[in-house]
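We count ligands from 1, going down the list as the structure has it; atoms in each ligand are counted the same way.
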Amino acid sequence: MSTEHTDRFDAAFHDIAVRHERNWMFIAVTMIALLFIAAVFLVVHDYGVVAKTSAIYSDPNTPSTLADFQGSGVRQTGPDSYSVYEIGRAWSWTPGTATPLQLPVGARVTFYVTSGDVLHGFEIQGTSINLTAIPGVVGHVSYTFDKPGTYYIICNEYCGAGHQAMIGKIVITGRAQA
Ligand code: CUA
């Protein structure tokens with residue numbers, strides 16, 4: 001009798017344990033799935049954090065010959081918005097290194113970035129801007145400069161002997177002085 005009682009208790013306990021385990025497995029798998037979907041959603045929907053590709057050319061030299069990349073490389077596209085066409089070359093940023101970029105505070109700037117030779121890393125310190133400059137590819141990223149000051153464009157991908165000196169300058173001027 002006592003043995004049968006124990007068996008019944010064991011069976012009931014087993015059933016409950018199985019139910020609990022199934023529930024918790026379901027909760028854990030659901031959480032993983034939700035996290036995965038959220039991560040994909042964030043990447044796909046950008047939010048200005050992820051750089052996007054504007055164009056890919058079969059000839060890696062094409063972007064540097066495009067009209068937008070000639071001259072100052074800066075186009076005003078609205079009252080507070082600008083496009084900046086940036087070429088990385090060993091070992092300078094154009095515009096930025098020879099001629100510092102000057103933009104007013106509050107400017108919404110879209111950077112179109114390419115490379116004229118090898119891979120470079122386009123990073124603007126103190127901002128979320130960080131994308132790879134690739135020959136034949138134009139990537140873009142937008143950013144609003146809310147604070148006046150000097151920002152430095154650095155190269156964060158090793159590109160040869162002058163890599164550490166591949167620095168450009170962006171001067172964000174206050175509205176009063178602009
Ligand atoms: Cu360009 Cu490192």
Side-chain angles (χ1 to χ4, degrees), residues 38-175 177-178:
V40 171
F41 182 84
L42 275 166
V43 168
V44 170
H45 282 264
D46 195 334
Y47 294 119
V49 176
V50 178
K52 287 178 177 171
T53 300
S54 303
I56 299 173
Y57 300 91
S58 54
D59 181 346
N61 296 314
T62 302
S64 53
T65 66
L66 299 175
D68 283 332
F69 285 94
Q70 312 309 316
S72 70
V74 182
R75 310 266 181 280
Q76 186 159 6
T77 53
D80 275 320
S81 57
Y82 297 82
S83 290
V84 170
Y85 295 85
E86 191 71 52
I87 304 181
R89 281 200 183 87
W91 293 282
S92 65
W93 295 106
T94 308
T97 301
T99 320
L101 270 163
Q102 272 215 20
L103 295 163
V105 71
R108 177 83 179 158
V109 184
T110 302
F111 292 91
Y112 294 88
V113 181
T114 190
S115 166
D117 42 40
V118 296
L119 290 181
H120 299 280
F122 181 80
E123 177 176 343
I124 301 178
Q125 288 183 320
T127 74
S128 56
I129 299 169
N130 181 2
L131 62 109
T132 300
I134 306 167
V137 176
V138 180
H140 68 91
V141 65
S142 296
Y143 187 82
T144 303
F145 289 90
D146 289 327
K147 290 190 211 107
T150 301
Y151 295 76
Y152 290 97
I153 309 169
I154 61 160
C155 180
N156 64 14
E157 287 182 45
Y158 185 71
C159 56
H163 159 74
Q164 72 284 350
M166 187 167 168
I167 296 165
K169 211 186 216 182
I170 300 172
V171 180
I172 302 297
T173 53
R175 224 174 262 290
Q177 300 98 286

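- Contact between Ser64 and Arg89 at its shortest, heavy atoms only, is CB-NH2, 3.5 Å.
- Between the His163 side chain and the Trp91 main chain, no donor and acceptor come within less than 3.5 Å of each other.
- Screening Val171, Val74, Thr173 for a side-chain contact (heavy atoms from CB on, under 4.5 Å) with Leu103, the sole residue that qualifies is Val74.
- Taking the N/O/S atoms of Glu157 in turn, the shortest distance to atom 2 (Cu) of ligand 1 belongs to O.
- Classification of the Phe111-Phe122 ring pair by plane angle, with boundaries at 30° and 60°, yields tilted.
- If you look at His163 and ask which of its N, O or S atoms sits nearest atom 2 (Cu) of ligand 1, the answer is ND1.
- Taking 2.8 Å as the criterion, Met166 counts as a coordinating residue of atom 1 (Cu) of ligand 1, since one of its N, O or S atoms falls below it.
- Counting backbone and side-chain atoms alike, His120 contributes no N/O/S atom closer than 2.8 Å to atom 2 (Cu) of ligand 1.
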